[in-house]
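Worksheet: one structure, shown below.
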Amino acid sequence: MATTSAQNTLPTRTTTSSTDPDDAVPDEDSSETTKLFNERLAAWKHACGYLEDYVTSTEKMQHAHGKEYEKVLKTVNHPLKEGHHFEQNLGGVAGLFDNIRTNTQGISNSHYETAKTLKGSVLPIFERLHSEIKNKTKELSKGAGKGSKLVDKARNTSQKHIEYLGQHTAAFDSSAGSVKANDDPYVIQRQVYHRLNKQVLEENNNRDDLLSVQNSFAQFEAHVVSTFQTGLAQFNAVLQNQTEQARSMYGDMLGTAQRIQPDFEWNGFIKRNGSTLIDPHAPKRSVESLGFANQDHRSTKALIAGSLEKKGKIKSYTTAFYAVTPAKYLHEFKTDDDFAKDPSPENSLYLPDCVIGAVDGTKFNVRGKDAGKSSIMSKMAMTHEYAFRAHTPQDAERWHAVIASVAGISNNELPEGSAPNSPAGAEKSAGWHGAPAATGTGAVASPTHAGTTAGVGGYGDPAAAQAPLAGSGAPLSTAEKEAAGYGSEKRY
C-alpha cells in the first residue's frame with residue numbers, strides 16, 4: 001500500500017503534441033522552440049536593417065541631389081550675355097533668370113534639409129527598433145535558452161539511471177535474485193522516479209517560459225510593425241515636404257515665365273534703341289534724293305545727251321542713247337536707264353580724233369575709231385564712218401554744233417545720199433576724197449556757231465561748247481586728209 005501511495009503522488013509530465021506519453025525521456029530537441037524564436041527575431045532584425053539602409057541611402061541621395069542642383073545652378077549663375085538687350089526691371093527675361101536662380105538654390109537647399117532630417121529624425125526610429133530586437137534576442141537566450149539547457153541536463157541524468165536500472169534487472173535474472181543492497185532494482189527504480197520528477201519539473205518550467213515568450217512575441221511584433229509604420233510615415237512626410245517644395249519652386253519659375261508679356265522685351269528694346277532702329281514711318285530712300293562727292297562736278301555733266309538713230313550695216317537705223325561728255329567722248333548706250341543694268345558704252349568715239357561732216361536735214365556723219373576698246377585693240381581698230389539721224393532738223397543742228405565744237409576736224413561733206421543744194425553741195429558729191437569744198441550756203445558754220453547751241457536742254461557747258469577748234473570750216477589740205485584717215489574708212 002505504501003508503494004502504491006508513493007507512486008500516485010509522483011509528478012507527471014504534461015504531454016504536448018510532440019511528446020509521446022509513454023516515453024520517459026523524449027527524443028526531441030528541447031531548444032528547438034528557442035531556436036525558432038531566435039530565427040524569427042533575426043528575420044525582424046534584418047528587415048529593420050533593410051529599412052535603415054534604405055533611409056540611409058535616401059539620405060545620401062538627397063545630399064547628392066543638393067550638390068547636383070548646385071551644378072545646375074552654375075549654368076544660370078552668371079549674368080546673361082548681351083544682357084543689355086533685356087529689360088532689367090521686373091516682368092522681363094532678366095527677372096525670369098533671377099527667379100530661376102533663387103528657386104534652383106531653394107531646391108538645392110531643400111534636398112540638404114531633407115537629408116539632414118532623414119538622418120536626424122527618421123533613421124534613429126529604426127536604429128532604436130534594431131536595438132530592441134537585439135535585446136529581445138538576448139533575453140530569449142538568457143531565459144528560455146537557459147531553461148532548455150537545464151531540461152537537456154535533467155533528461156541525460158534520467159536516461160543514465162534508466163539504463164542503470166536495465167543493467168541491474170538483467171543481473172537480477174541471471175543471478176537468481178542475488179544482488180547487493182545498493183544494486184537492488186527496486187532502489188534504482190525509485191532513484192529513476194526521483195530524477196524523472198526533477199526532469200519533468202525542468203521541462204514544465206521551460207514550457208512556461210517558452211509559452212510566456214511566445215505570448216509576448218505577438219505584442220513585440222505588433223510593436224515592430226507599428227514602429228515600421230511610424231518611421232515610414234515620417235519618412236514619407238519628409239520626402240513629401242521636399243517634393244512639394246520642389247514642385248512649388250518649379251511652378252513659380254513657370255508662373256514667372258508666363259507673366260512676361262509677349263511684347264514686353266520688344267517694347268523695351270525699341271525704347272532703348274530707338275535712335276538705331278529703322279523708323280517704319282520714315283520714307284524709303286531713293287537714288288534721286290542721294291548726294292555724293294563730286295556729284296555735280298562739271299566733268300560729269302554731258303554737253304548734250306539724248307536719243308539718236310544710227311545707220312547699221314543693212315542700211316536700217318537703230319535708236320540708241322548718246323551723250324557728248326566734257327571729256328570729248330561721244331558715248332553710245334543701249335538705253336538711258338542707269339538702274340536696270342550697269343551702263344557700259346557700246347561705242348565710244350574720242351571726238352578730237354574724229355571728223356564730222358555737214359548737216360543734211362536730220363542727218364550728219366562722224367568718222368573715227370571706237371576708243372572704248374583696250375589699248376591694243378584700239379590701235380588695231382579701223383576708222384569707220386558713222387551715219388546719225390536726229391528726230392528733227394533742230395535736234396540735228398544742236399547735236400552737230402556740240403560735236404563740231406570738240407571734234408578734231410569739221411568739213412562740209414553731206415551724208416551719203418543727200419541731194420546737193422549749193423555749189424558746196426555739188427563739190428561735196430565728189431566724196432571725202434575730192435577737192436575741199438568752198439564755204440557756201442550748205443557749209444557748216446564755224447565752231448563759234450556751237451556757242452549758240454551749247455547747253456541745249458540743260459546738258460552742255462557754254463564755255464566748253466564755245467571753244468574754237470583749229471581748222472574748223474576751212475578746206476582740208478592733203479596732209480589733213482591723210483591725218484584724218486581718208487581713203488581707209490568704212491561706210492555704214
Side-chain angles (χ1 to χ4, degrees), residues 11-21 23 25-62 114-156 196-242:
T12 60
R13 286 189 67 199
T14 303
T15 61
T16 64
S17 59
S18 60
T19 302
D20 186 354
D23 191 2
V25 181
D27 186 14
E28 64 178 6
D29 186 0
S30 61
S31 62
E32 182 178 0
T33 305
T34 305
K35 291 179 180 178
L36 180 62
F37 285 137
N38 277 325
E39 184 177 331
R40 186 161 182 80
L41 287 173
W44 282 112
K45 181 178 69 174
H46 291 148
C48 184
Y50 289 159
L51 290 176
E52 289 180 75
D53 294 340
Y54 185 83
V55 174
T56 301
S57 297
T58 304
E59 178 265 327
K60 292 180 179 179
M61 180 195 68
Q62 292 291 331
T114 300
K116 184 177 179 181
T117 304
L118 289 175
K119 187 175 182 178
S121 300
V122 179
L123 184 59
I125 296 175
F126 297 104
E127 289 176 340
R128 287 193 296 269
L129 179 61
H130 198 135
S131 298
E132 291 179 18
I133 296 174
K134 284 185 176 181
N135 293 333
K136 188 70 174 177
T137 303
K138 291 179 180 179
E139 291 175 4
L140 181 63
S141 299
K142 291 181 179 180
K146 187 177 181 181
S148 297
K149 291 179 181 180
L150 293 175
V151 170
D152 291 339
K153 183 178 180 181
R155 285 178 178 178
N156 290 332
L196 286 175
N197 180 61
K198 292 183 63 176
Q199 171 191 324
V200 170
L201 290 175
E202 293 295 342
E203 287 176 346
N204 289 333
N205 288 336
N206 185 52
R207 175 185 178 279
D208 292 339
D209 291 341
L210 291 176
L211 186 59
S212 175
V213 169
Q214 181 173 317
N215 293 333
S216 67
F217 248 74
Q219 297 177 355
F220 181 74
E221 288 193 5
H223 168 69
V224 172
V225 173
S226 176
T227 305
F228 280 3
Q229 294 171 345
T230 302
L232 289 176
Q234 292 195 21
F235 178 81
N236 176 70
V238 172
L239 291 182
Q240 189 174 19
N241 180 56
Q242 191 278 324

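Side chains included, hydrogens not; waters and symmetry mates left out as well; all remaining heavy atoms used.
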Kindly list each side-chain donor-acceptor pair under 3.5 angstrom involving residues 38-50, sequence neighbours excluded, with atom names and distances?
| unit_1 | atom_1 | unit_2 | atom_2 | d |
| --- | --- | --- | --- | --- |
| N38 | ND2 | T34 | O | 3.3 |
| R40 | NE | E221 | OE2 | 2.1 |
| R40 | NH2 | E221 | OE1 | 2.9 |
| R40 | NH2 | E221 | OE2 | 3.1 |
| W44 | NE1 | E221 | OE2 | 3.0 |
| H46 | ND1 | A42 | O | 3.2 |

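For S57, there are no side-chain contact (heavy atoms from CB on, under 4.5 Å) partners, not counting sequence neighbours.
A distance of 12.5 Å separates CG of L123 from OG1 of T117, quoted to the nearest 0.5 Å. The structure places CD of Q229 at 13.0 Å from CG of N236, a figure rounded to the nearest 0.5 Å.
Here the side chains of T56 and K60 are in contact, with some heavy-atom distance below 4.5 Å. Two residues are said to be in side-chain contact when any heavy atoms from C-beta on lie closer than 4.5 Å; I125 and Q234 meet this criterion.
Aromatic ring centroids of F235 and Y54 lie under 6.0 Å apart.
For K136 against F220, the heavy-atom pair with the smallest separation is CB-CZ, 4.0 Å.
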- K134 and T137: CA distance, side-chain angles, deciding distance, side chain to side chain contact (heavy atoms under 4.5 Å, CB included) verdict: CA-CA 5 Å; K134 284 185 176 181; T137 303; 5.6 Å; no

- Message: Go through it in stages, so that I can follow the logic: the residues are L118 and Q62, the test is side chain to side chain contact (heavy atoms under 4.5 Å, CB included), and I'd like the CA-CA distance, side-chain angles, deciding distance and then a yes or no.
- Response: CA-CA 9 Å; L118 289 175; Q62 292 291 331; 4.2 Å; yes

- Message: As a quick check of understanding, evaluate side chain to side chain contact (heavy atoms under 4.5 Å, CB included) for T58 and L239, giving each step before the final call.
- Response: CA-CA 10 Å; T58 304; L239 291 182; 4.2 Å; yes

- Item | side chain to side chain contact (heavy atoms under 4.5 Å, CB included) between H223 and T227, intermediate numbers included | CA-CA 6 Å; H223 168 69; T227 305; 3.5 Å; yes

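Screening residues 118-131 for side chain to side chain donor-acceptor pair (under 3.5 Å) gives E52-H130 as the qualifying pairs, with residues at least two apart or on separate chains.
Remark: side-chain polar atoms of S226 are not paired, donor with acceptor, to backbone N or O of A222 under 3.5 angstrom.
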